[in-house]
K.L.:
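Have a look at this one.
So that the names make sense, note that chain A is the first sequence line, chain B the second, and so on, each numbered from 1. Atom set for the values below is all heavy atoms of this structure, side chains included, hydrogens, waters and symmetry mates excluded. Quick caveat: nothing in here was measured; it's all calculated off a predicted structure.
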Amino acid sequence: MDLHYSDEDLAFRDQVRAFLDSHLPKDLQAKVLQHLRLDKDDFVRWHRILARQGWVAPAWPREFGGPGWTALQRHIFEEECARAGTPRIMPFGIDMVAPVIMAFGSQEQKARLLPRILSCEDWWCQGYSEPGAGSDLASVKTTAVRHLDADGEHYIVNGQKTWTTLAQHADMIFCLVRTDASVRKQEGISFLLIDMHAPGVTVRPIIMLDEDHEVNEVFFDNVRVPAANLVGEENRGWTYAKYLLGHERTGIAAVGRSKRELGLLKRLARREHKNGRPLLEDPLFAAKVAALEIELMALDMTVLRVLAQAGKAPGPEASVLKVRGTDIQQMLTELMLEAAGPMALPFDAAYLEGEQEHSVAGDDAAAPLASYYFNYRKTSIYGGSNEIQRGIISQMILGL
Amino acid sequence: MHFNLNEEQVQFADALKRWIGRDYSFEQRRAIIASPEGTSSQAWARLVELGMTALPVPQEQGGFSGGATDMFVVMRELGRALVVEPYLATVLGAQFLKLGGGHGALLEAVATGELKMACALGERQSRHDLRDILTRAERDGAGWRLDGEKNVVIHGAEAGVLVVSARTGGAQRDEDGITLFAVPADAPGLRQTAYRGLDGLRAADLRFDGVVLPPDAVIGQAGNGWELLEHGADYGAGLLCFEALGAMEALFDATLEYLKTRQQFGVPIGKFQALQHRMADMYIHLEQARSMALLVAVKLDGADAAERRQVAAAAKYRVGEAARFIGQQAVQLHGGMGVTDELAASHYFKRLTTIDLTLGDRDHHLARFMAQPGFQRAP
Ligand SMILES: Cc1cc2nc3c(=O)[nH]c(=O)nc-3n(C[C@H](O)[C@H](O)[C@H](O)COP(=O)(O)OP(=O)(O)OC[C@H]3O[C@@H](n4cnc5c(N)ncnc54)[C@H](O)[C@@H]3O)c2cc1C
């Protein structure tokens, strides 16, 4: 047993730190650290900075433009980014659709689509969920019917997707669509790539409980999609979807970000007072923080243990990381809210949107915390709800 | 960075597994607990033969200089089988000697298995706070005179030599003025009241009435024993985490097996989602506890004092949480069988409960974690 980082790993860490020091724009960093809302430009700007460095797709093989890092290096990179407070790289292109295209897509798709993902020319979104297909994803009803006409082979797509994250920014959507309704429901699904600017695509905002516009409904009304946008074989989409879901990485635990937020929580709890003493010295509050910190230490180790088995196919252990990681994130936001106390109550969308320099109630640190808490309730729901993850653990790992 | 055991560690584990499979089944263990001695001299002889008593002892004293990760492997196997022999008590006693320096002859005797040890650290009023000491040692010529009481000393009546904490100065809860002594069990004026603990392990209350000790009975430095006491106790907490991990693993496996075989409503009860999710939560607890046990195994030897304290407190707390959850849920999932003495599950539950109450419970270690400078100093 040896938990030391090698000299190369430490040198790599220094290199990443130095890069972040010099290349992460201060205004972006401030927005992230302050929990302000990021707009499309913020994400794209950071994406392009990393792309220029060749670091935007850490998990991609070299042949497609990845940096060729080891699993441990990727982990170090993620931790350092989280520590510094970079915007996140949207996962839909880089981490979700790209691995599917690499594994199952045609040569033409790889050549056409992957470079545009890398450069952020295309913003992708994920069209899995439907009003009647959430946890039970195989129940998707959106139809794609194949036609041949003078302009060649294409699909006509009809139906509705929902909960589509940041579809309002998107150029492309990858969808699970029904291409055969006569077979077992998992067997009639295909994996289709659709241009969001095509006629017949409509995006309608869904406003979240923190009053942010983060998700959408997407409607398809006789949308014409070239057959060249089918990934792999028709009716094999479920296999590809599962491949994508299984392609989760240890980053799902978000240990780095939680470490950063723990620091913020403590700073907040030292600044706030209770009974004339810093809140962090209040035994009841401090005990909750301490228990959470220990939980995070344990998760950090659990992530490293999963990493140490890297090379093996990514497995259901990601479910453990998802459940614990999101529990911890939610507990952190809850304790931050508690620490801020009544100062968290003023709701100031203009400040959150970066439209004014200071929050209306004058406590810039406390102002976003309620929104943060409310927003983060999503983490145990999306990406396969935590109940579904428990199902995966009990069935795939424990064999029940 | 890797989490693999080395070749010797795998061999230790295999040797223990073979011995346990042959000579330490659940039924054999029950017979040992029920015997008047409560431990087995044959089992002890086997542990000695397998090199377990020599493992942590320095090479200079005839041991293998095994580190905490070696002990991780051993204690985990002993935990899996709920071994009740005075191994942990002995190893912890030896650790105090090792940390204090000197006492080579005693360490040699530990390595050869001739000497069993125990650690008399707790008193009735002290609860989990090891600095809360009323037992006093006064200068007596060149040596010392020991008076006081220690209670719930694990294996206190089986040991040949006891590590005893006493006050040679300072007030009841001061860190200054604490001294550790190596006290022979047959010293005149030492009286033991032995009994069985709820987990089947033997324990004793000890009374010291004017026990006369030579100058070299002191472990480490007179009056400066707190650091030593705390360091040794962290090591002990680590050993308990390793043992608890083994016990939790075995209990978890047994429960999983039960869910797959016990039928109700015409299906194995493991088909019910309420139980599947409970089992998934137990699994998550187990993984988190495993991580902390590994972390403390690595940090006990290498880390500086501040980090060692922090990690040991965190691990004992987190393992305690897991032990409670897994213990209680395992009993629940076994239904009526779970609350009987017949089934191993209840014995694991009792040992896990005891471990939490030994060398500091969850609250104690959480408070300790909070009290570390590293906690208050926000990053
Ligand atoms: C903020 C956000 C962003 C999202 N982004 C996207 C996106 O970009 N693209 C996309 O395709 N989807 C997205 N989703 C959808 C997300 O994947 C689904 O919300 C999720 O899978 C749950 O489905 P549902 O909302 O229909 O809930 P339901 O499936 O109706 O579940 C309701 C409740 O029942 C529980 N439940 C359901 N089935 C079971 C079961 N078998 N056992 C035990 N409990 C069960 C669930 O855990 C949940 O608590 C997003 C969701 C959110 C909240």
Side-chain angles (χ1 to χ4, degrees), chain A residues 1-6 9 72 75 83 259-260 262-271 278 280-281 283 285-291 293-309 317 319-321 323-324 327 386-387 389-395 397-400, chain B residues 1-6 9 67-69 72-73 252 256 259-260 268-273 275-284 287-295 297-299 302 310-311 313-315 317-319 321-322 362-363 365-372 375-379:
Chain A
M1 239 177 288
D2 175 14
L3 296 188
H4 293 94
Y5 287 100
S6 69
D9 289 332
L72 192 56
H75 177 72
R83 220 170 66 97
K259 283 183 185 169
R260 187 184 83 216
L262 179 70
L264 176 70
L265 168 63
K266 284 186 179 179
R267 285 196 297 280
L268 204 63
R270 263 206 327 235
R271 191 195 74 174
L280 194 57
E281 291 172 20
F285 192 79
K288 289 191 260 187
V289 177
E293 180 167 346
I294 293 170
E295 206 58 46
L296 184 55
M297 281 170 85
L299 183 66
D300 196 12
M301 281 297 288
T302 307
V303 167
L304 290 174
R305 286 173 44 221
V306 173
L307 268 177
Q309 314 168 344
E317 61 268 26
S319 295
V320 172
L321 305 182
V323 172
R324 225 45 307 246
D327 280 353
N386 286 11
E387 286 75 27
Q389 303 300 333
R390 285 184 172 86
I392 293 173
I393 293 170
S394 55
Q395 282 150 33
I397 301 182
L398 307 180
L400 288 173
Chain B
M1 187 179 299
H2 70 88
F3 294 85
N4 306 329
L5 303 177
N6 64 34
Q9 289 168 339
T69 53
F72 172 90
V73 175
F252 182 88
L256 186 56
L259 258 58
K260 288 177 181 176
I269 55 174
K271 290 289 165 215
F272 298 117
Q273 197 187 49
L275 307 198
Q276 290 182 347
H277 285 195
R278 207 85 62 85
M279 215 52 210
D281 283 331
M282 287 165 68
Y283 181 74
I284 292 172
E287 288 299 333
Q288 292 282 86
R290 203 193 311 271
S291 290
M292 290 309 285
L294 284 163
L295 183 63
V298 172
K299 297 290 181 188
Q310 192 201 21
V311 171
Y317 162 79
R318 187 58 186 85
V319 168
E321 285 282 303
R362 286 167 293 141
D363 282 357
H365 283 289
L366 192 64
R368 208 174 151 230
F369 183 84
M370 279 153 54
Q372 299 307 315
F375 177 74
Q376 289 289 336
R377 228 185 12 240

K.L.:
Look only at the side chain of A:Arg305 and the backbone of B:Glu287, and say whether a donor-acceptor pair between them is shorter than 3.5 Å.
P.N.:
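It does hold such a pair.
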K.L.:
Pick one of side chain, backbone, both or neither for A:Glu295, based on which atoms fall under 4.5 Å of a heavy atom in chain B.
P.N.:
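Contact with chain B: backbone and side chain both.
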K.L.:
Between B:Gln276 (side chain) and A:Arg390 (backbone), is there a donor-acceptor pair under 3.5 Å?
P.N.:
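Flag not set: sc B:Gln276 to bb A:Arg390 has no pair under 3.5 Å.
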K.L.:
To the nearest 0.5 Å, how far apart are OH in B:Tyr317 and CD in A:Glu293?
P.N.:
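Going from OH on B:Tyr317 over to CD on A:Glu293, the span is 12.0 Å.
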K.L.:
Looking only at heavy atoms and a cut-off of under 4.5 Å, which of B:Asn6, B:Asp363, B:Leu5, B:Asn4 has the most pairs with chain A?
P.N.:
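The option with the most such pairs is B:Asn4.
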K.L.:
In the structure I gave you, are the side-chain heavy atoms of A:Leu3 and B:Leu295 within less than 4.5 Å of one another anywhere?
P.N.:
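Yes, their side chains come closer than 4.5 Å.
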K.L.:
Any side-chain heavy-atom pair from A:Ile393 and B:Asp281 closer than 4.5 angstrom?
P.N.:
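No, every pair of side-chain atoms sits at 4.5 Å or beyond.
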K.L.:
If you count heavy-atom pairs under 4.5 Å with chain A, which of B:Arg278, B:Met279, B:Gln273 comes out on top?
P.N.:
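The residue among B:Arg278, B:Met279, B:Gln273 with the greatest pair count is B:Met279.
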K.L.:
At what distance, to the nearest 0.5 angstrom, does CD1 of B:Ile284 lie from CG of A:Asp327?
P.N.:
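Answer rounded to 0.5 Å: 7.5 Å.
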K.L.:
Hey, does B:Phe375 have a side-chain heavy atom less than 4.5 Å from the side chain of A:Lys266?
P.N.:
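They are in side-chain contact.
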K.L.:
I'd like to check the side chain to side chain contact (heavy atoms under 4.5 Å, CB included) partners of B:Thr69; sequence neighbours left out, ordered by chain and number.
P.N.:
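Here the qualifying residues are A:Met1, B:Gln9, B:Ala297, B:Val298.
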K.L.:
Roughly how far apart are B:Met1 CE and A:Leu307 CG, rounded to 0.5 Å?
P.N.:
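Interatomic distance, B:Met1 CE to A:Leu307 CG, rounded to 0.5 Å: 8.5 Å.
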K.L.:
Please name all residues satisfying ring pair (Phe, Tyr, Trp, His ring centres under 6.0 Å) with B:Phe72, sequence neighbours left out, ordered by chain then number.
P.N.:
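Only B:Phe242 meet the ring pair (Phe, Tyr, Trp, His ring centres under 6.0 Å) criterion with B:Phe72.
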K.L.:
For A:His4, I'd like to know if atom NE2 has over 12 heavy atoms of other residues, nucleotides or ligands within 6.0 Å.
P.N.:
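No, NE2 of A:His4 has 12 or fewer neighbouring heavy atoms, counting only those of other groups under 6.0 Å.
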K.L.:
Need one label for B:Arg290: side chain, backbone, both or neither, based on atoms under 4.5 Å from any heavy atom in chain A.
P.N.:
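For B:Arg290, the contact with chain A is made by backbone and side chain together.
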K.L.:
Can you name the closest pair of heavy atoms from B:His277 and A:Gly391 and give their distance?
P.N.:
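Minimum heavy-atom separation between B:His277 and A:Gly391: NE2-N, 3.7 Å.
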K.L.:
How many angstroms lie between atom CE of B:Met370 and atom CD1 of A:Ile294, to the nearest 0.5 angstrom?
P.N.:
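These two atoms lie 10.0 Å from each other.
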K.L.:
Give the member of A:Ser6, A:Pro283, A:Ala269, A:Ala286 that has the highest number of heavy-atom pairs under 4.5 Å with chain B.
P.N.:
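It is A:Ala286.
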K.L.:
Between A:Leu265, A:Val289, A:Ile392, which has the largest tally of heavy atom pairs under 4.5 Å with chain B?
P.N.:
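Result: the option with the highest number of such pairs is A:Val289.
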K.L.:
Working to the nearest 0.5 angstrom, can you tell me the gap between B:Ser291 OG and A:Leu304 CG?
P.N.:
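Output value for this atom pair is 8.5 Å.
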K.L.:
Using 0.5 Å steps for rounding, measure from the CE atom of A:Met297 to the CZ atom of B:Phe369.
P.N.:
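Going from CE on A:Met297 over to CZ on B:Phe369, the span is 5.5 Å.
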K.L.:
Quick check for you: among A:Thr302, A:Val323, A:Val320, which has the greatest number of heavy-atom pairs under 4.5 Å with chain B?
P.N.:
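Maximum pair count with chain B is reached by A:Thr302.
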